[in-house]
Amino acid sequence: MPPFVHWPAWPRVESAVPADPAVEERVRSILARMTPEEKIGQLVQPELAELTPEDVRAYKIGSALNGAGIWPGGNRHADPADWVKTVDLYWEAAEAAYADRPFRVPFMWATDAVHGHNNVYGATIFPHNIGLGAARDPELLRRIGAATAREIAATGMDWTFAPTVTVPRDRRWGRYYEGWSEDPELVHAYAGEMVAGLQGGGGPEGLTAGARVISCVKHWVADGGTAQGGDRGTCVASEELVRNLHAAGFVSGLAAGAQSVMASFSSWENPANYDHSPHHGPPYNAKVHGSRYLLTDVLKRAMGFDGIVISDWDAHAEVSGCSVGNANYALNAGLDVLMVAGREAWQSVYRNALAGLRDGQIPASRIDDAVTRVLRVKMRAGLWERPRPRDRALTHDTAVLGCAEHRALAREAVRKSVVLLKHTGGVLPLPRSSRVLVAGSGADAIQKQTGGWTLTWQGNDVELPDLPGAVTMAGAVREITGEGRCTVDPFPGTVDPTAHDVALVVIGEDSYAEMRGTVKPWRSLAYSELKASYARDLETLRRLRAAGLRVVTVMLTGRPLYTTEEINLSDAFAVAWLPGTEAGGITDVLFAGPDGERAHDFRGRLGFTWPGSRRASAANRIPPHIPGYRVPPEEQEPAGEHAPLFPYGYGLSLDDPDPHRHPLPLDTFEDTAPPPPAAGPLPVLGAGCGSGSGSGYRFRIGGHNTWSRVDVSPEEPVDCLIVRSEPCGPDDPPGALTFAFKGYPVAFVYAERPEPDAQPLDLRGYAEDGGRLAFRVRIGEPPSRPLLLACHDDYPAQPGLDLTERLAVLEPGRWHELAVPLAELAELGMDLRHVDVPFMLYTEGTAVVSVAEVRWLPGGEE
């Protein structure tokens, strides 16, 4: 592995999988005989739900993937045999596609196995990266990579989109937990080990082994550096910081032989990031997926990477000059394989790429380079020599999924990753004979342990039956104390302190992944202020402390959060991150062994600084390897107001004296700025309103578990998976819109300003003036589930107002006026200081609702 040093220029990386003249000659021979159609087929990667074996034959598609929440036959409990059968069908179709050709190109199946083979029922679920970083054990990463590779291979698959080697720098980012550390040195130490575990390490012979898979380091580059933690946001760091902070994991991962790199959704605003076709189409918008500088000039030429550069899910569509059905600009920038989800989209990408090749828009040399890289990787992985999936050795031993050896490894990883932040009074380890009250929102909630990317994208609908053998914290405690000495009550109202020896309070974030997990830039990072259910955890701690119980708190979280009061209320406070299914790894360090002696000590150490204030969103360790480092404007100086409560590397062992004997200082900051007065009516929808007109608001459709948002047209119907919208008729109020909710949980329609940098409005003055949110409504089909009103795009962090009773008394088919006092919204806990969406309706059910003349009114206005 190359040493971790300061790189004054992009380093040339020597791969553990070097160029092989024999492989190169075989690749050239095949490439010379391929038709343009066959070449483009190797560059398009559709998703399982949008691809048939017949498509593979017709288009000679070279690879496919299964995304989170997509399973054979739509069955989330599909077993390994179902997966093998599915992958085998596509492999067979690719063989049939080349049956009449003098050569063949084998099929390749990819999956997103980022913390174990996490999309497959029964697989081992390892801790997310944020926890593994706290373990400080690179060799552990190699073993986890090898175990994950065995389970992937047992389902007949060849390629995983892992590891994620991001260096997260802002805690508001929804993918924060996908990073091992905020410090590039630890990421550099881990990435190569994980790649070696997945691919075999030590040279190409490891990659061809049946129990190894192709790895993918992602996301190139600086995805963890997006300003304000914005999802798919913009990195404004200098090239030196991009190279020395954000590229560290790529250097070691590529040196270990990683055969693919996935590009980042993010943008990089820098003069070096040039427009490679300035005279064709709109100006380049700095998206990494369209960056010839980063993809080709840096990654391929300067660093010497000769494997596959693959796009993220439909990410080419965000590059200027591209669309979901046209990726030609991004192909010219240096993408080799295009991950395109929708059926119409991937077929359109295929047609446009073929047309671009034929008319010279895409040089033949660029297509040949991309196909060469695909063939090279397939050949290095031994795919020409591997039998069909159903005949491979490991697919006959599917018991490897979730086997005892791998589960024990996952438990070891959990045990090593728990960080003890506070320990007073010798409360730990707990005797196994203790009478334990297990409380808190995470007491018996498997989703809080497993987090996102677990069977489904957001992981928030996973239950214990979906994860065979999974153990929650409550279950792990019962295994030690027995049923009789363990009481489980997440939010106990009253507690008899004489009935329990200790309260084990498990708090933590609900499951989330990208987009849904991003915290708005203006939100507090205090745990208890993020959601109402989290506030109940704080109240529970206060109540237990007042009752005189000893309290041990375990936090489940995907990022460090401000928890100073929670720590002060605890005798011991430990962070277990997102440990996965093996909660026994946590009780291993909380409880004594069967002999009453200490069984395991705490060895986890923070891979991230722990915030000491609500606003410390991007205060990170100063990287010591960068000479003259200055904190960039998008980050915070880790001193003064933003000094960490616990520094990077902090963590107690049981024998360590706790340096914080007295209560830790609380953040008492309050923003006392008065609200601006209500400045007359604020129109949101009405005569002449619509995207870019009238009120300045556009209406959009979105969903809690949908990938993208859809604009509502004021002139014509828009029909998507979750909602159909259409303009009302000439006899209806001007600008009126009808929305048909289709029962997708959860579907939104909402108004927002179209400017990408639009700032939220402080509308507290309307509430203080006795104002209302008024609109006209017509019920076409009554809601089958509660229909809620909100003034934010922050679901589920902020609440909604249930309109059920108000709507129930309205005569269907007629227009009615509703005026909701803003005081009701404020009382529910909606943030009127930061209103980014002044009107939203959402439901989990079906409904047909028309709305018109939406407006905010000061008191007394009509």
Side-chain angles (χ1 to χ4, degrees), residues 130-131 134 414-415 417-430 434 436-443 448-449 473 476-477 501-509 525-528 530 534-547 549-579 583 585-591 600-614 616 644-667:
I130 191 170
V414 174
R415 183 168 63 244
S417 67
V418 182
V419 180
L420 184 62
L421 297 182
K422 178 182 179 179
H423 183 217
T424 59
V427 65
L428 298 176
L430 299 172
S434 298
V436 183
L437 168 63
V438 184
S441 63
K448 286 179 180 276
Q449 293 179 197
M473 279 298 297
V477 173
D501 299 310
V502 66
L504 178 57
V505 183
V506 187
I507 68 176
E509 294 186 281
L525 280 179
Y527 169 71
S528 62
L530 285 174
Y534 304 172
R536 292 186 70 189
D537 280 334
L538 179 55
E539 289 301 321
T540 297
L541 284 168
R542 289 170 177 164
R543 193 160 46 247
L544 293 172
R545 174 60 74 190
L549 266 177
R550 293 192 302 170
V551 175
V552 175
T553 300
V554 173
M555 187 172 191
L556 307 170
T557 182
R559 54 190 143 211
L561 292 169
Y562 174 75
T563 52
T564 305
E565 185 175 358
E566 289 87 344
I567 294 171
N568 284 340
L569 291 167
S570 306
D571 295 283
F573 190 100
V575 186
W577 313 107
L578 299 173
I586 304 172
T587 54
D588 283 347
V589 290
L590 293 179
F591 284 84
H600 300 279
D601 202 350
F602 290 84
R603 57 169 289 177
R605 300 295 180 261
L606 290 178
F608 301 87
T609 51
W610 196 270
S613 79
R614 292 171 169 83
L645 186 66
F646 302 110
Y648 173 88
Y650 181 87
L652 298 173
S653 298
L654 288 172
D655 293 329
D656 290 336
D658 192 324
H660 305 101
R661 290 291 180 180
H662 302 290
L664 297 164
L666 298 175
D667 176 11

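Positions are given from 1 along the sequence. All of these numbers come straight from a predicted model, not from anything done at the bench.
- For the pair Leu561 and Met555, the minimum side-chain heavy-atom distance is below 4.5 Å.
- Judged as a side chain to side chain contact (heavy atoms under 4.5 Å, CB included), and not counting sequence neighbours, the contacts of Ser653 are Asp601, Arg605, Asp656.
- Among all heavy-atom pairs drawn from Pro579 and Ile586, the shortest one is CG-CD1, 4.0 Å.
- The closest side-chain heavy-atom distance from Leu421 to Tyr650 is below 4.5 Å.
- Inter-residue side-chain proximity for Phe646 and Val575 is flagged as unmet; no heavy-atom pair is nearer than 4.5 Å.
- The side-chain heavy atoms of Leu606 and Pro647, taken from C-beta on, include no pair separated by under 4.5 Å.
- The CG atom of Asn568 sits 5.0 Å away from the CG atom of Leu664 when rounded to the nearest 0.5 Å.
- A distance of 12.0 Å separates CG in Leu428 from NZ in Lys422, rounded to the nearest 0.5 Å.
- The side-chain hydrogen bond (donor to acceptor under 3.5 Å, both in side chains) test applied to Glu509 returns Tyr512, Thr557, Arg559, not counting sequence neighbours.
- In this structure Thr587 satisfies the side-chain hydrogen bond (donor to acceptor under 3.5 Å, both in side chains) test with no other residue, sequence neighbours excluded.
- Here the shortest heavy-atom pairing between Ala616 and Leu525 reads O-CD1, 3.8 Å.
- Contact check for Pro659 versus Leu652: side-chain heavy atoms found under the 4.5 Å cut-off.
- Among residues two or more places apart in sequence or in another chain, the side chain to side chain contact (heavy atoms under 4.5 Å, CB included) test is passed with Ala574 by Val418, Leu420, Phe602.
- For Asp588, the salt bridge (charged side-chain N to carboxylate O under 4.0 Å, His left out) criterion is met by Arg411, Arg415, not counting sequence neighbours.
- Across Val419 and Gly651, no two heavy atoms sit closer than the pair CG1-CA, 3.9 Å.
- Here the CG-CG distance, from Leu549 to Leu541, works out to 11.5 Å after rounding to the nearest 0.5 Å.
- Counting heavy atoms from C-beta outward, Leu645 and Tyr562 have side chains that stay 4.5 Å or more apart.
- Legend: residues meeting salt bridge (charged side-chain N to carboxylate O under 4.0 Å, His left out) with Asp501, ordered by chain and number and at least two apart, are Arg435.
- Separating the CG atom in Leu578 from the CG atom in Leu556 is a distance of 7.5 Å, to the nearest 0.5 Å.
- Considering only residues two or more places apart in sequence or on other chains, Pro657 meets the side chain to side chain contact (heavy atoms under 4.5 Å, CB included) condition with none of them.
- Contacts of Tyr527 classified as side-chain hydrogen bond (donor to acceptor under 3.5 Å, both in side chains), with partners at least two apart in sequence or in another chain: Asp537.
- Under a 3.5 Å cut-off, the side chain of Gln449 and the backbone N or O of Met473 do form a donor-acceptor pair.
- In this view, Arg536 satisfies the salt bridge (charged side-chain N to carboxylate O under 4.0 Å, His left out) rule with no residue, not counting sequence neighbours.
- Tested against Ser570 for a side chain to side chain donor-acceptor pair (under 3.5 Å), the candidates Thr563, Thr553, Thr424 yield a single pass: Thr553.
- Applying the side-chain hydrogen bond (donor to acceptor under 3.5 Å, both in side chains) criterion to Thr609, with sequence neighbours excluded, gives Arg171, Glu182.
- The heavy-atom pair separating Gly131 from Ser417 by the smallest distance is O-CB, 2.9 Å.
- Contact record, Pro611 with Pro560: CD-CB, 3.5 Å, taken as the closest heavy-atom pair.
- Across every non-hydrogen atom of Ser441 and Ile507, the tightest pair is OG-CA, 4.3 Å.
- Arg614 pairs by the salt bridge (charged side-chain N to carboxylate O under 4.0 Å, His left out) definition with Glu529, Asp667, not counting sequence neighbours.
- Here the side chain of Asp571 pairs no donor or acceptor atom with the backbone of Val552 at under 3.5 angstrom.
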